[in-house]
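Each ligand, and each atom within it, is numbered from 1 in the order the structure gives.
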Amino acid sequence: MNQPKLQISFSGGRTSAYMTKLILDNWKDKYDFIVTFANTGKEHPKTLEFIHNCDTIFGFNTVWLEANVFMDERKGTGFKIVSYETASRNGEPFEQVIQKYGISNPSYLHCTRELKLAPMRSYLASLGINHKEIPTAIGIRADEKRRISKTAGVDNIIYPLITEWPSDKQDVLDFWEDQLFDLGLDEWDGNCVGCFKKSFKKIFKQLDTNSSSLEWHKNMEQKYGSVKCPIENTKRVFFRGNTSAEGVIEMWKQDRQNNPTQLNLDLYENGGCSESCEVYEST
Ligand code: SF4
């Protein structure tokens, strides 16, 4: 017998995976599940490996989605189904979104909307489901209530880690300590590599590990900086304080030459979007 459907939005973070496991283990007599993950093409390779492990070891049966952008049409972003093997790893879906909508940054927050939300909604629509008609579970914990969406009621969003199994960060870490595999990333290192929501200090740490980690961003700014740029003869850039990728790399070099005080990095320390980039998140 068909049961009501529940979408589980799996972001690829530890908390989101923990929530997915709890739901699959406890609600199988209540719902038929649709587990979705939307790949931006800039996810850390370990995130993709983690999702693959969740599929093969825990049986998540995740539908791997990517944005399908209709370039010269007034048509909203659709979806493509990919897999662990075929998922983009060089920022391809992200580049398409930038080509149409411009560089995303703290003033233009369209990347989550176009790369995650739109493909998920479009995928549900292809199944004949309006996203508001079925609940969508999001992995936000009881200690993160500030991240709850203002439109949760209208969009039929549920937060099982707040309402059903109230959990905090330690609960999640304790769970993963007992498993055969883990994400293998520090909290600051999750999501898209070089995500503009991260603090500069976190981006510097990524540059320490891989000094080319912002080359893609530099390239995007050069190619598409003028797309949807409201001020003539200027370019849109990714990072806070209107800082270009090249500017961040310069700051990183200066910082690593033991001159950190001039940069006043503490101003930027409260970067969001740490372990997971969730759809329907309050910003
Ligand atoms: S992780 Fe950052 S860059 Fe990637 S989609 Fe989310 S907000 Fe955008």
Item to complete: Using a strict 4.0 Å cut-off to heavy atoms of N191, name the atoms of ligand 1 that fall inside it.
Response: 1 (S)
Worksheet item: Do F58 and F181 make the cut of ring centroids closer than 6.0 angstrom?
Response: yes
Worksheet item: Do the numbers put K75 on top of the ring of F70, so that NZ or CZ is under 6.0 Å from the six-membered ring centre and no more than 45° off the axis?
Response: yes
Discussion item. Does only the side chain of C192 get under 4.0 Å from ligand 1, or the backbone, or both, or neither? Count heavy atoms.
Written reply: both
Worksheet item: Do E114 and K100 meet the salt-bridge criterion of a basic N to acidic O distance under 4.0 Å?
Response: no
Practice prompt. Could you list the atoms of ligand 1 found under 4.0 angstrom from a heavy atom of C277?
Written response: 1 (S), 5 (S), 6 (Fe), 7 (S)
Worksheet item: Among side-chain atoms of T36 and Q7, is any donor-acceptor pair under 3.5 angstrom?
Response: yes
Item to complete: Pick, from C195, P93, C111, the option with the minimum heavy-atom distance to atom 8 (Fe) of ligand 1.
Response: C111
